[in-house]
Amino acid sequence: MHQEKLIGKTVKLLGIMNRTSLTKLESTMLLLIVFSAFLTLLRVQITQNLSYTFLLWNLFLAVIPYMISEYTRRLDIVNITKFKLGSLLLFWLFFLPNAPYIITDFIHFKTESSMVWYDLLLLFVNAVTGLLLGLLSMHTFYKIVCSKWNISIGNYFSVGVFFLCGFGIYLGRFLRFNTWDIIFSPLDLIKKSILSFQETTAWLITLGFGFLLWMLFEVVKKINRVI
């Protein structure tokens with residue numbers, strides 16, 4: 001019930017964004033989000049099984065950082081205080097790992113499923129949607145940081161954020177932490193985060209996803225320059 005209310009609020013916020021005039025890119029992303037949710041709900045209708053409905057919640061979490069970045073983009077960046085911008089950046093960073101995290105949902109794929117190809121499409125579409133939401137959100141904040149400070153700081157900022165995302169994915173998939181634990185279980189989160197530095201898996205996941213996101217982001221930047 002709590003998750004349904006949060007998803008409902010997200011839909012309302014998306015409606016507010018629509019009233020403030022969506023760009024073509026935002027409209028396309030909204031369509032992709034709706035398509036991802038539709039595929040999940042269609043599977044529920046066909047199978048009468050709720051096994052993949054966790055994708056709706058993960059998609060909702062992936063939308064949050066994108067919405068924060070779009071909200072920030074609409075502000076007067078020249079006159080915004082560094083405190084307010086820093087607060088938005090921190091809030092955004094807490095949620096950002098949820099976007100690429102959806103890639104790891106392929107762990108739920110079962111080859112013995114009666115809808116194996118549909119399930120593969122479902123997971124792929126949601127993973128791509130989450131990944132795009134994260135990369136586009138990062139690109140927006142990258143441009144904001146570059147304009148507020150300079151390109152060098154923007155580059156260092158983006159690299160650092162992607163490796164933090166990689167570590168965030170490890171915390172979520174392997175240690176089963178989520179964004180809310182920053183508030184409700186901060187000491188446990190800090191303790192286990194520090195201890196994880198001794199784990200090879202933590203380094204592999206952090207570096208692997210960090211480099212992947214960084215390389216894909218460079219592609220996004222180059223495409224943006226061409227367009």
Tell me every residue that passes side-chain contact (heavy atoms from CB on, under 4.5 Å) with Leu164, counting only those two or more places apart in sequence or in another chain. Leu93
Contact between Leu123 and Leu55 at the side-chain level, heavy atoms closer than 4.5 Å - yes or no? yes
Using a 4.5 Å cut-off on heavy atoms from C-beta on, say whether the side chain of Leu132 contacts that of Tyr66. no
Do Asn58 and Asn98 come close enough that some side-chain heavy atom pair is under 4.5 Å? no
Show me the donor-acceptor pairs, under 3.5 Å and distance only, between side chains in residues 107-115 and residues at least two apart or in other chains.
residue : atom : partner : partner atom : Å
Ser113  : OG   : Met115  : N            : 3.0
Ser113  : OG   : Asp119  : OD2          : 2.7

Out of Leu85, Ile144, Leu88, which one pairs with Leu75 under the side chain to side chain contact (heavy atoms under 4.5 Å, CB included) rule? Leu88
Is there side-chain contact between Thr72 and Ile77, with at least one heavy-atom pair below 4.5 Å? yes
Is any side-chain heavy atom of Arg43 less than 4.5 Å from a side-chain heavy atom of Ser51? yes
Could you tell me which residues satisfy side-chain contact (heavy atoms from CB on, under 4.5 Å) with Leu189, sequence neighbours excluded, listed by chain and number? Leu171, Phe177, Ile182, Ser193
So with a 6.0 Å cut-off around CD1 of Ile151, is the heavy-atom count from everything else above 12? no
Under the rule for ring-ring contact (aromatic ring centres under 6.0 Å, His included), what residues qualify as partners of Tyr118, not counting sequence neighbours? none
Residue pairs passing the salt bridge (Lys or Arg N to Asp or Glu O under 4.0 Å) test with at least one member in residues 172-187, sequence neighbours excluded, are Asp105-Arg173
Residue pairs, two or more places apart or on separate chains, that pass side-chain hydrogen bond (donor to acceptor under 3.5 Å, both in side chains) and touch residues 142-164: Tyr142-Asn155
Which atoms form the tightest heavy-atom contact between Gln48 and Gln45, and what is the distance? NE2-O, 2.9 Å
Hey, what else clusters with Leu50 if you join Ile, Leu, Val, Met, Phe, Trp, Tyr whenever side-chain heavy atoms sit under 4.5 Å? Val44
Applying side-chain hydrogen bond (donor to acceptor under 3.5 Å, both in side chains) as the test, list every pair that has at least one member in residues 80-93; sequence neighbours left out. Trp92-Ser137
Once ring-ring contact (aromatic ring centres under 6.0 Å, His included) is applied, do any residues pair with Tyr101, and if so which ones, sequence neighbours excluded? none
With a 6.0 Å cut-off on the ring centroids, do Trp57 and Phe60 count as close? yes
When the aromatic ring centroids of Phe91 and Phe95 are compared, is their separation below 6.0 Å? yes
By ring-ring contact (aromatic ring centres under 6.0 Å, His included), Phe38 pairs with (sequence neighbours left out) none
Given Ile68 and Leu96, is the side-chain contact (heavy atoms from CB on, under 4.5 Å) satisfied, shown in steps? CA-CA 10 Å; Ile68 295 172; Leu96 184 60; over 6 Å; no
Is any side-chain heavy atom of Leu41 closer than 4.5 Å to a side-chain heavy atom of Thr53? no
How about Glu26 and Thr23: do any of their side-chain heavy atoms sit closer than 4.5 Å? yes
Of all pairs that satisfy side-chain hydrogen bond (donor to acceptor under 3.5 Å, both in side chains), the ones with a partner from residues 120-134, not counting sequence neighbours: Ser36-Thr129
All N/O donor-acceptor pairs, side-chain side in residues 197-215, below 3.5 Å, sequence neighbours left out:
residue : atom : partner : partner atom : Å
Trp203  : NE1  : Phe197  : O            : 2.6
Thr206  : OG1  : Ala202  : O            : 2.7

Within the 4.5 Å heavy-atom criterion, are Leu121 and Trp117 side-chain neighbours or not? no
